[in-house]
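Here the structure comes first, spelled out in structure tokens, and everything after it is commentary.
Below, chain A is the first sequence line, B the second, and so on; all start at residue 1.
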Protein chains: 2
Amino acid sequence: MASQFTVHGRLWIEGPDGTVLGHGRVELLEKIDALGSLSAAATALGMSYRYAWKLVKLMNEHSDGPLITLNAGGRGGGHASLTEAGREAVATYRQTDREFEQFLSEQSEKLPG
Amino acid sequence: MASQFTVHGRLWIEGPDGTVLGHGRVELLEKIDALGSLSAAATALGMSYRYAWKLVKLMNEHSDGPLITLNAGGRGGGHASLTEAGREAVATYRQTDREFEQFLSEQSEKLPG
DNA sequence: CTCCGTTATGCGTCAAAGTGCATATCGAAA
DNA sequence: TTTCGATATGCACTTTGACGCATAACGGAG
């Protein structure tokens with residue numbers, strides 16, 4: 001029988017200037033990619049636009065190059081999209097995260113009774 | 001050459017009623033075991049006694065049985081020590097944490113350029 | 001039975017994460 | 001050139017983890 005206790009964790013990637021990607025930030029990137037809009041992505045995640053915008057700014061500043069492109073004005077009011085670097089960063093994080101989930105469930109199995 | 005980016009993470013163990021152990025709590029347990037005093041342990045870790053005491057209370061409540069025994073009064077004013085379950089919990093966490101550190105450095109190695 | 005240092009616990013405070021509101025700016029399309 | 005919805009950004013507020021202060025209770029040793 002499995003233990004009533006489980007191992008949990010959080011994972012993130014840091015660069016020289018601070019955190020680049022974490023769980024929440026990657027979810028935001030994926031929603032931006034899916035919806036083409038920062039405000040729609042933030043709303044979909046139950047996150048305030050104000051904060052989502054700050055996260056985007058931080059991610060762009062702390063990576064080698066921008067991960068997200070934001071455009072104000074124009075048809076539909078504006079647009080948001082991922083750069084090629086942004087999509088690669090998401091893929092890299094997801095791969096790492098999959099192995100982390102694997103690690104966590106293995107460790108949970110090992111816990112004593 | 002290694003990437004300028006590195007993978008970081010945090011690990012903790014949850015029971016049915018909430019978090020039982022995390023990095024800071026385990027350090028506190030180890031200091032209590034080494035010093036025999038909660039206030040000395042808290043001071044040694046730069047943590048307020050107030051907060052350390054709350055952590056001990058939470059840990060004792062959220063585990064199967066108490067991990068820490070506290071005694072007020074008596075020679076030296078009082079005393080704090082780990083129960084057998086407490087020592088086992090620390091050992092379990094440390095083992096998991098070692099493997100986690102291993103995991104993190106492996107993942108950092110894998111990051112692209 | 002007094003002393004002393006530790007445990008026990010309430011209350012106000014402080015900083016950081018995140019929200020909410022208000023308002024300005026942008027630019028393609030009608 | 002007016003319109004419209006999204007981006008851009010400041011400011012005040014709330015929430016949460018943790019501190020600091022104050023004060024009581026405890027109990028072996030002398």
Exercise for the section: With heavy atoms under 4.0 Å as the rule, sort B:Gly73 into base, sugar-phosphate or nothing. Expected result: base
Fill in the blank from the handout: From CG of A:Leu70 across to P of D:dA6 the rounded distance in Å is 13 Å
Completion exercise
Which of D:dT9, C:dT7, D:dT7 is nearest the side chain of A:Arg50? It is D:dT9
Practice task
Select base, sugar-phosphate, or nothing to describe what A:Gly77 touches, counting heavy atoms under 4.0 Å on all strands.
Solution key: base
Handout entry: Under-4.0 Å side-chain N/O to phosphate OP1/OP2 contact, A:Trp53 with D:dA8
Key = yes
Exercise for the section: Pick base, sugar-phosphate or nothing for A:Ala80, based on heavy-atom distances below 4.0 Å to the nucleic acid. Expected result: sugar-phosphate
Handout entry: Between C1' of D:dA8 and CD1 of A:Ile68, the distance in whole Å
Key = 15 Å
Handout entry: Euclidean distance, atom CG of residue B:Leu35 to atom P of C:dG5 [Å, nearest integer]
Key = 18 Å
Handout entry: Given C:dT6, D:dA6, C:dT19, the nucleotide with the shortest approach to the side chain of A:Ser37
Key = D:dA6
Handout entry: Whole-Å gap separating C1' (C:dA17) and CG (A:Leu58)
Key = 12 Å
Exercise for the section: Give B:Gly46 one of three labels, base, sugar-phosphate or nothing, depending on what nucleic acid heavy atoms sit under 4.0 Å from its own. Expected result: sugar-phosphate
Handout entry: For A:Trp12 against B:Arg10, the heavy-atom pair lying closest together
Key = CH2-CG, 3.7 Å
Practice task
Using the closest heavy atom to pick a nucleotide of DNA chain C for each, name whichever of A:Gly76 or A:Ser48 lands nearer the 5' end.
Solution key: A:Ser48
Exercise for the section: May I have the distance from A:Lys57 (atom NZ) to D:dT7 (atom P), rounded to whole angstrom? Expected result: 16 Å
Handout entry: Heavy-atom side-chain contact between B:Leu67 and B:Leu82 under 4.5 Å
Key = no
Handout entry: Atom pair CD (B:Glu14) and OG (A:Ser108), whose distance is rounded to the nearest 0.5 Å
Key = 9.5 Å
Exercise for the section: Give a yes/no on whether any side-chain N or O of B:Ser39 is located under 4.0 angstrom from OP1 or OP2 of C:dT7. Expected result: yes
Exercise for the section: Would you kindly confirm whether A:Leu35 and A:Leu70 end up in one hydrophobic cluster when ILVMFWY residues are joined by side chain heavy atoms under 4.5 Å apart? Expected result: no
Practice task
Figure out the CG/C1' separation between B:Asn71 and C:dC4, and round it to whole Å.
Solution key: 17 Å
Completion exercise
Shortest non-hydrogen pair, A:Gly36 vs A:His79, comes out as O-CD2, 3.4 Å
Completion exercise
From CG of A:Leu45 across to C1' of C:dA17 the rounded distance in Å is 17 Å
Handout entry: Between P of D:dT7 and CZ of A:Arg75, the distance in whole Å
Key = 12 Å
Fill in the blank from the handout: Ranking B:Tyr49 and B:Lys54 by the position along DNA chain C of their nearest nucleotide, the one closer to 5' is B:Tyr49
